[in-house]
Participant: 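The structure is given below, and queries will be raised subsequently.
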Amino acid sequence: MVKKNASVFISGEGSNLRSLIKNSRNYTFPVKISLIVTDNKNAIGIKYAKKYSIPYLIFKNSLISEKIILNEHLKRKISIICLAGFMKILSRNFIANFKKKIVNIHPSILPKYKGLNTYKRVLKNKEKFTGSTVHYVNEKLDSGKLILSKKFFIEPDDNVETLTKKTKEIEHILFSKSLIKIFN
Ligand code: GAR
């Protein structure tokens, strides 16, 4: 099987990156993680770039940096960008100039709870369930076409910490499933 090249953008822990790398090593998985990008040079997740010998780039706040990142994507024939806990908002220019797919994983059942602090808001509103969504990226925050989502019920003793943990557990399956859905 000829795999598509993918890049993964991260800002923090990188647990979604880790699960994507692990699943991508399966022969039947449609993508290969060929590049990692971070806007945070101290992101814990960079350790996976080193561990699995995947090149990585730092995305700085400048037009020049944007150009360098886009050029690297062209050079490496990247077919899809996976935003996995990437907390920088991509510029209109970047989205328009990367002509291939960009997908994002967001810790809520979209279209509800776009933006930051989703768990806090979900708990405050006493929602019965929450979850995660993978969607295409467009120029509006967390608003592109939905690909897959998965929800779970909130227990009475759940808090931000437990919801984060439970959400990440489902995300580690959901992101890979979404890539399979896109390419198969
Ligand atoms: C994930 O839960 C992801 O949904 C969320 O950040 C976490 C990253 O975890 N993304 C956003 O909040 C984007 N607005 P990870 O670094 O362990 O993969």
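Everything quoted here is computed from the prediction, not taken from an experiment. Read the numbers this way: they start at 1 and go in the same order the structure lists the ligands and their atoms. No hydrogens, no waters, no symmetry mates; every other heavy atom, side chains included, goes into these values.
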Participant: Students should be able to answer this: which protein heavy-atom is nearest to atom 12 (O) of ligand 1, and at what distance?
Facilitator: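 Going atom by atom, the protein heavy atom closest to atom 12 (O) of ligand 1 ends up being P107 CD, 3.4 Å.
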Participant: For ligand 1, which atoms sit closer than 4.0 Å to a heavy atom of G85?
Facilitator: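 Listed by number with element: 6 (O), 8 (C), 10 (N).
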Participant: Establish whether I54 and F29 are linked, either directly or via other cluster members, by ILVMFWY side-chain heavy-atom contacts under 4.5 Å.
Facilitator: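 Yes; F29 is reachable from I54 via cluster members.
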Participant: Please verify whether a non-hydrogen atom of G45 lies at under 4.0 Å from ligand 1.
Facilitator: no
Participant: Please check this pair: side chain of K50 against backbone of P55, looking for a donor-acceptor N/O pair closer than 3.5 Å.
Facilitator: no
Participant: Report whether V8 and F183 are members of the same hydrophobic cluster (ILVMFWY, side-chain heavy atoms less than 4.5 Å apart, transitive linking).
Facilitator: yes
Participant: Could you check, using the six-membered ring where one of them is a Trp, whether F59 and H73 have ring centers closer than 6.0 angstrom?
Facilitator: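 Aromatic pair excluded; centres sit 6.0 Å or further apart.
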Participant: I want to check a possible cation-pi pair here: K151 against F129, using under 6.0 Å from ring centre and within 45° of the ring axis as the test.
Facilitator: yes
Participant: Treating N97 as the side-chain partner and L70 as the backbone partner, does any N or O pair qualify as donor plus acceptor under 3.5 Å?
Facilitator: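 Judged by distance alone, no pair lies under 3.5 Å.
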Participant: Assess whether a salt bridge exists between E127 and R121, defined as any Lys/Arg side-chain N lying under 4.0 Å from an Asp/Glu carboxylate O.
Facilitator: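 Salt bridge: no.
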Participant: To which of H106, H172, E171 does the heavy atom nearest atom 2 (O) of ligand 1 belong?
Facilitator: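 It is E171 that holds the nearest heavy atom.
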Participant: Looking at atom 16 (O) of ligand 1, what's its closest protein heavy atom, distance included?
Facilitator: G14 N, 2.8 Å
Participant: Can S132 and H106 be counted as having a side-chain donor-acceptor contact under 3.5 angstrom?
Facilitator: no
Participant: Tell me whether I10 reaches ligand 1 (any heavy atom closer than 4.0 angstrom to a ligand atom).
Facilitator: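 Outside the 4.0 Å threshold, so no.
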Participant: State whether the shortest distance between N or O atoms of S132 and N or O atoms of ligand 1 falls below 3.5 angstrom.
Facilitator: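 S132 vs ligand 1: no N/O contact under 3.5 Å.
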Participant: So is M87 close enough to ligand 1, meaning a heavy atom under 4.0 angstrom away?
Facilitator: yes
Participant: Are any of the N/O atoms on N16, whether in the backbone or the side chain, positioned under 3.5 angstrom from an N/O atom of ligand 1?
Facilitator: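 Yes - when backbone and side-chain N and O of N16 are compared with those of ligand 1, one distance drops under 3.5 Å.
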Participant: From the options R18, K114, K168, E13, select the one whose nearest heavy atom is closest to atom 7 (C) of ligand 1.
Facilitator: K168
Participant: Judging by distance only, is a nitrogen or oxygen of S15 under 3.5 angstrom from one on ligand 1?
Facilitator: yes
